[in-house]
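A short write-up of the structure that comes next.
Quick note on labels: first sequence line is chain A, next is B, and so on, each numbered from 1.
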There are 2 protein chains.
Amino acid sequence: MTLSEEDYIKAIYHLGKGMEQAVSTNSIAEQMDTKPSSVTDMLKKLSEKDLVFYKKYKGVLLTETGRLSALSIIRKHRLWEVFLVDKLDFAWDEVHEVAEQLEHIKSEKLIDKLDAYLGNPKVDPHGDPIPSKDGEFKKSVKRLVTELPIGSQGICVGVNDSSVAFLKFLDKNNISLGDTLEILDKEDFDGSLSIRIKGKEMRISEQIGSNLFLEVLEKD
Amino acid sequence: MTLSEEDYIKAIYHLGKGMEQAVSTNSIAEQMDTKPSSVTDMLKKLSEKDLVFYKKYKGVLLTETGRLSALSIIRKHRLWEVFLVDKLDFAWDEVHEVAEQLEHIKSEKLIDKLDAYLGNPKVDPHGDPIPSKDGEFKKSVKRLVTELPIGSQGICVGVNDSSVAFLKFLDKNNISLGDTLEILDKEDFDGSLSIRIKGKEMRISEQIGSNLFLEVLEKD
DNA sequence: ACAAATATTTAGTTTTGTCTAAAAATTTAT
DNA sequence: ATAAATTTTTAGACAAAACTAAATATTTGT
Ligand SMILES: [Mn+2]
Ligand SMILES: [Mn+2]
Ligand SMILES: [Mn+2]
Ligand SMILES: [Mn+2]
């Protein structure tokens, strides 16, 4: 597969949420910042290669081969993102563009070794799951800290309350988006939570917990 | 610069030993495993972009811009090779193909951070020098261990005597091509040498030393 | 049901990088 | 110095991936 074909397959995967829904020509064009006519040309080629089912005017669906190809590219993308953040000290919001290039490097051995070197991570720096070599992965969902059971672990991806006061609180307590957060305990009395973040344990009120979103892997 | 242009510039650099000699169309074609007519086409384009001086039938020379571009690509290639060997545990003779792809990733920040992460290495796993960001580097040369002064450090890149006996000796003493070797001391009496290899100190006879080639950086 | 709006495809170009076959320049050998 | 051998360039094509403009299909609103 060429670099361009890989990017199309990945876009179709994301737009169709795997193989759930057919994806329209225009949505692909928008996602990839190109023209619908270019998309049509490419869909014919991908169909020729049996990576997608394509019916004129009816949108496109990945084949099983296409789905596995997409997952392989997504696996590479997310492993490289982990490398950039964990080893090279990139910020979580700086890695996408570089990973967009690195995901196309062809070498199975490289990805196997990179995976091992990173400690076989299950999620990328944005909390998104990393598919295994054979395309298995758990879905991830966005949840408020207070909605999660003790023992949950996830990545801070957003706030409910974006007031200055709340953002200042987070800043003061050294909590940033992209941080890994683990729920250690919950206090029945006042709903406060004991958490570990950046290796440090701390206690937060229910009010804080109900305004902070975590990206977590779904159970089974 | 496109991936293909970068590969041509690098080939011209290597064939012309920097900017020393003009490089022929056919030699480039051979090096890049392509046809002379394709090379001619590309030379016109590179000349248009002022990366090379090109005179029909007279070969091609890098411009200063071309030379700096070549060094930048070589820097990336060699830094990635160090990464693959030092961090991902590739063997020194397995890294070239992958580095050939990785060298084209575009991100100055990535290379700066990779360089720092690797500890600003001065040579790659083959003993070849890694140019600095601004294109400075020492030349490297191949020397017999016995020809080098105390304190020299280099990478084992070849043998003079390729007899089974000698190769078995190296194997038995756990000396492999690609290993870093440092000369700690020389004994006047019998010419034997004290060396450090893979962190371990050992003593070798003059006969051994005069049959093992090291790639070392030239003094100044 | 039909016209208008929207989505998609087709037709015809362009750019990049490659190729083969033929022509032209240069080098080598007599 | 000239013919033969070699190197290099030109001419003409092709495949990949993009684009614009025009044609066609589908969907929406009345
Ligand atoms: Mn990409
Ligand atoms: Mn990600
Ligand atoms: Mn390359
Ligand atoms: Mn090397």
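Among pairs with a residue in residues 109-130 of chain A, those fulfilling ring-ring contact (aromatic ring centres under 6.0 Å, His included) read A/W92-A/H126, at least two apart in sequence or across chains. For residues 52-80 of chain A, the pairs satisfying ring-ring contact (aromatic ring centres under 6.0 Å, His included) are A/H77-A/H96, A/W80-A/F83, with sequence neighbours left out.
Spacing between atom CE of A/M42 and atom P of C/dT8 amounts to 18 Å, rounded to whole angstrom units. Distance B/K49 NZ to C/dT15 P: 13 Å, rounded to the nearest Å. Across the protein-nucleic acid pair, A/I28 atom CD1 and D/dA18 atom C1' stand 16 Å apart, rounded to whole Å.
When the side chain to side chain donor-acceptor pair (under 3.5 Å) test is applied to B/S140, the partners found at least two apart in sequence or on another chain are B/E215. The side chain to side chain donor-acceptor pair (under 3.5 Å) check on B/E64 picks up B/R67, with sequence neighbours excluded. Residues forming a salt bridge (charged side-chain N to carboxylate O under 4.0 Å, His left out) with A/K139 (at least two apart in sequence, or on another chain): none. Not counting sequence neighbours, the partners of B/D161 by the side chain to side chain donor-acceptor pair (under 3.5 Å) test are B/S163.
A heavy atom closer than 4.0 Å to some atom of DNA chain D occurs in no member of residues 3-17 of chain B.
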What pairs of donor and acceptor atoms, side-chain ones from residues 25-35 of chain A against any protein atom, are under 3.5 angstrom apart with sequence neighbours left out?
residue: A/S27; atom: OG; partner: A/S24; partner atom: N; Å: 3.4
residue: A/S27; atom: OG; partner: A/S24; partner atom: O; Å: 2.8
residue: A/S27; atom: OG; partner: A/S24; partner atom: OG; Å: 3.0

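Salt bridge absent: A/K113 and A/E108 never bring a charged side-chain N and a carboxylate O closer than 4.0 Å.
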Taking only N/O atoms, report every protein-nucleotides 9-12 of chain D pair under 3.5 Å with atom names and distance.
residue: D/dT9; atom: OP1; partner: B/Y54; partner atom: OH; Å: 2.3
residue: D/dT9; atom: OP1; partner: B/Y57; partner atom: N; Å: 3.0
residue: D/dT9; atom: OP2; partner: B/T25; partner atom: OG1; Å: 2.9
residue: D/dT9; atom: OP2; partner: B/T40; partner atom: OG1; Å: 2.7
residue: D/dT9; atom: O4'; partner: B/Y57; partner atom: OH; Å: 3.4
residue: D/dT10; atom: OP1; partner: B/K56; partner atom: NZ; Å: 2.5
residue: D/dT10; atom: OP2; partner: B/K44; partner atom: NZ; Å: 2.6

